[in-house]
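Okay, structure first, notes after.
All ligand and atom numbering here is 1-based and tracks the order in the structure.
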Amino acid sequence: MTAEYQVRGTVAVITLNNPPVNGLGLATRTAAVKGIQQALADDAVKAIVITGAGKAFSGGADIKEFNSPKALAEPSLHTLIATAEGSTKPVVAAIHSVCMGGGLELSLGCHYRVAMPGAQIALPEVKLGLLPGAGGTQRLPRVLGLEMALNMIVSGTPVLSDKLANTALFDAVFAADADLVSSAVAFAETIADARPLPKARDRKVDYPNHEAFLQFSRNTVKAMSGPFPAPLECVETVAASVTMKFEDGMKFERERFLHLIQTTESKALRHAFFAERVASKVPDVPADTPVRAIKQAAVIGAGTMGGGIAMNFLNAGIPVVMLETKQEALDKGLATIRKNYENTMKKGKLTQEKFDQRMALVSGTLAYEDIGQADIVVEAVFEEMGVKEAVFRKLDEVMKPGAILASNTSTLDLNQIAGYTKRPQDVIGTHFFSPANVMKLLEIVRGAQTGKDVLATALALSKKLKKTGVVSGVCDGFIGNRMIEQYSRQAGFLLEEGALPEQVDQAVEKFGFAMGPFRMGDLAGNDIGWAIRKRRYVEKPEISYSRTADLLCEMGRYGQKTGAGWYDYKAGDRKAYPNEQVNAMIVQHSADIGVARRQISDQEIVERLVYSMVNEAAHILEEGIALRASDIDMVYLTGYGFPLFRGGPMFYADTVGLPNVLAAINKYAQGHQGGAWKPAPLLVKLAGEGKGFNS
Ligand SMILES: NC(=O)c1ccc[n+]([C@@H]2O[C@H](COP(=O)([O-])OP(=O)(O)OC[C@H]3O[C@@H](n4cnc5c(N)ncnc54)[C@H](O)[C@@H]3O)[C@@H](O)[C@H]2O)c1
C-alpha cells in the first residue's frame, strides 16, 4: 500500500504510505491521484485531506527511483500536483514531521495547508545541484514572500513550521498535543463550501523594488557558491516568480531544472549522495547482522590521534578511558582535549553544560586493568610494529571477551597485528584522519579474520560518531594513503623536471583541491613522509622516489612546525612564502641528476597528480581492497579534500573518459620517471570496453 484512502464523514483522507519518508515514487503518486479522483466521484465527499503515515508528511522524490524511468513516468509529480490544484473540491495538506522537496511542492499545490509544530519545511534540491522542479520556485515565493522563499530555496535549509505559522504557507498550525488528522478533518469541514478555492498560483509576489533585492542576491549568492551553478539558477527562477506570469515562470523553472540535471556539478553531488549511502553496505555482511553494544570505550595513546579519537566518543556520549605509558603524556593528552572543547565553547558552538558533560565522560589511566571492561579499545600508539605488538598482546590478556580491539595504524599490516592476539576475529582497523575530531572519513580496515559482526559494529559506530565509514582491505596504505603515495611521487618528479612547489600547488588548488601537495606536506610535517621513504628505500628499493623532499628535510625544513618547509611561514600567519634557497636546491638537484628543466603546463601537473591516483585506485579496485569505485570517491571527498564538484577521482576519471585517461598515462610513461606509470589492467579493460569505473 503506498497511499491509503478513507472517508471520515464528508472528508476523504488520503494517507501517503511509502516508508521511510513517503517518497513520491510512481506507485505513491498513482495511488494519490486515484484517491483524489475517487473523492471527486463520491458525492458524499465535500473535501479532501492529504497527509503522510509514519515519520513524515513526505520527504519528496523517492530516492530509490532516482535515475530510473519511473521518476518521470505518469502520473508525474507535476500531474499529481495539477490534480490536487485542479480539484473542484478543496484539498488540504496535513503536514507533520518532514515536508521537503516534492512533498512541499505537493502541499503548495493544495488549496490549504495545516501543520503540526516542529515540522521541518524545506526545498533541499540545491544540495544535489538542482532546483525545485515541480513549481516550488514559483509557488513558495507567492506564499512566503520573496526574501524568505529565496533564502530557503538557495540554502536548502529546513525551517520549522512554527516559525512559518504567521505566513500564507499555513492556514493553521495546531497545538503540539493536537491529533493532526482529526484537526485537519475538522478544518476541512469549515472550508468545505468556500469558493473560489484559493490557489498559490493566483497570488502575487509583493516586494517593493524587487530588482534591487534580486541584484543584491545574485551578487551574494554568486560570491558564495564557488563552482556550483545551482544556487544562482535558484535565484533566477525565484526571480521569475516576480517578473513572469505563473505559467511562464513554470516553463522557465522546467528549462533551468533540465539544464542543471545535466551539469557535471549536479551529477557529482548526486553521485556523492548515493556513494555515501552505499558505502555502509558490504555484500557478505547483511544489514541484519547483529552488532555488539558499544557503551564504554578505551583509547591507547593520548597523542595527536588518540585525543581526537577520544573526542569522537565523548561527542557521542560514550565514556572513554585513555591509557598512556607516562603520567606526563596522559596529562598532556587530557589537557589538549579540554583545550579543544574550551576553544569550541569560546566560539559559542558548545554550551558550558555540554562541556561539563563531555569532560565528565573522560578519564585517564596508566594501568591496563582499568580498561578491561571497555566494549571497544582503539590503539593509537607510535607507528612501530614492535610497539603495536606489545600493546595487542597486553590487550589480549586484559580485555573482556567480546571486546573489539581496533588499531588506528596508517600503514602496518593489520593481519600481523591481529596475529598477536588469540582473538583475530575481534581485531579491526579504524583509521581516523587528522584532526580526528573534525575529519569525516573513517577507513574501516577489514582483516582476513575480522568477524562480520565486528565489521557491522564498526560501520554502525561510524554513523554514531557522525563519520563516513568506508571499508578497506589490508594493504600498504589502505585505500587513501596508497593512492596519495602515487600523487606525492609525481609531485616530486615534477620538481625534478622543471616545476617549483608554488606552481604545482597553485595548479592543483585551481583544479579545486583545498591544498596542493607541498603546502599539505608543510602542514602534516615533511619528516613523516621522510621516515616512511627511508623505510621503503630498504624494504622496496625497486620503487623510485625523487630525493628532493629528503634534501629539504636534511635542511631541517620539516614544515609549519619548524616555521619552514617547502615555504617560509611567519608567526601568526598561515600564508606560505616561497623560499629562494629551497627553489635553488630544487634546480640544483635537477642538474645533479642530469635532467634539463623544462616548462611544465598546469594541465600536465593536474593530470599527472590525479591520474597517478586513479591508476593506483584501479589496482585497488581490481584487488578487491575497495568494494566499489564510489567507495574510493568517498575516501577522497571526505578525507583528502578532493573537490566535491568533481565527484571524487573515479567519478572525475569517468567524466574525462577512461580512454583519455589511459592515453595520457601512456604518454607520461614515455617521459621522465616513466617507469612509475604502469597502466592498471582494469583501467585498460574498461577503457577498451568504453565503460567507466562507476558504470
Ligand atoms: N598523525 C596523523 O596524521 C595520523 C593519521 C592517521 C593515523 N595515524 C596513526 O595513529 C597512530 C598514532 O599517531 P599519532 O600521530 O597520534 O602519534 P603521537 O606520537 O602523536 O602519539 C602517540 C602516543 O602514544 C603513546 N604511546 C606510545 N607507546 C605507547 C604504549 N605502549 N602504550 C600507551 N601509549 C603509548 C605516546 O606516549 C604518544 O602520546 C599511529 O599508528 C599513526 O600511524 C596518524
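Taking the side chain as every heavy atom from C-beta outward, R628 and K281 approach each other to under 4.5 Å.
Side-chain contact check for Y341 and N437: no donor-acceptor pair (N or O, by modelled atom type) lies under 3.5 Å.
In this structure, W677 and Y668 have tilted ring planes: the angle between them lies in the 30° to 60° band.
The backbone N or O of G402 lies less than 3.5 Å from a partner atom in the side chain of R292, making a donor-acceptor pair.
For F693 and F651, the ring centers sit 6.0 Å or farther from each other.
Salt bridge D375/K400: present, at least one basic N to carboxylate O contact under 4.0 Å.
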Distances only, to 0.1 Å: what are the N or O pairs between ligand 1 and the protein that fall under 3.5 Å?
from, atom 1, to, atom 2, distance (Å)
ligand 1, 8 (N), S410, OG, 3.3
ligand 1, 10 (O), N408, ND2, 2.9
ligand 1, 16 (O), T304, N, 3.4
ligand 1, 16 (O), M305, N, 2.7
ligand 1, 20 (O), T304, N, 3.0
ligand 1, 20 (O), T304, OG1, 2.9
ligand 1, 37 (O), E324, OE1, 2.8
ligand 1, 37 (O), E324, OE2, 3.3
ligand 1, 39 (O), E324, OE2, 2.6
ligand 1, 41 (O), V381, O, 3.4
ligand 1, 41 (O), E383, OE1, 2.5
ligand 1, 41 (O), K388, NZ, 2.7
ligand 1, 43 (O), E383, OE1, 2.9
ligand 1, 43 (O), S410, OG, 2.8

